[in-house]
Amino acid sequence: MSFIRSISGIRATIGNGLDISELSRYIIAFANLYGENGIVFGNDGRSSGKWLSKMVESVLESMNVKYINLG
């Protein structure tokens, strides 16, 4: 899958158009724009969802951004 950027977000496959450092930059940018009052996020049932959620949590925690993970 190619890397798709749109108004609704990004879509790509880790290792095939998206890497961890770029994903971290997207999380940081989003948190800088919208994280003042906290962020709510979730994931679908794919196997990558759990570790991606953990990654989002660790980036937000490192920035001291409050969050709710809906799972």
Side-chain angles (χ1 to χ4, degrees):
M1 171 192 299
S2 62
F3 196 135
I4 301 168
R5 294 174 181 93
S6 71
I7 191 72
S8 62
I10 59 173
R11 184 169 178 88
T13 304
I14 298 291
N16 185 17
L18 181 64
D19 62 31
I20 300 301
S21 63
E22 185 158 4
L23 182 57
S24 294
R25 287 192 297 270
Y26 273 94
I27 297 165
I28 291 166
F30 187 86
N32 284 331
L33 286 172
Y34 303 109
E36 185 176 325
N37 296 315
I39 293 176
V40 176
F41 68 94
N43 59 279
D44 61 20
R46 286 177 275 195
S47 60
S48 59
K50 288 184 181 182
W51 76 262
L52 284 169
S53 287
K54 293 295 182 188
M55 181 181 171
V56 172
E57 287 178 355
S58 56
V59 171
L60 296 177
E61 286 172 2
S62 75
M63 298 176 68
N64 293 317
V65 173
K66 295 179 184 176
Y67 65 86
I68 297 172
N69 181 350
L70 299 175

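Pairs of residues two or more places apart, or lying in two chains, that qualify as side-chain hydrogen bond (donor to acceptor under 3.5 Å, both in side chains) and include a residue from residues 62-71 are Glu57-Asn69, Glu61-Tyr67.
Closest approach of Ala31 to Leu60, counting heavy atoms only: CB-CD2, 3.7 Å.
Taking the side chain as every heavy atom from C-beta outward, Met63 and Ile27 never approach each other to under 4.5 Å.
Cluster partners of Val40, using a side-chain heavy-atom cutoff of under 4.5 Å among ILVMFWY residues and allowing indirect links, are Ile68, Leu70.
The CD1 atom of Ile28 lies 10.0 Å from the CG atom of Leu23; values are rounded to the nearest 0.5 Å. Once rounded to the nearest 0.5 Å, the distance linking CG of Asn43 with NZ of Lys54 reads 10.5 Å.
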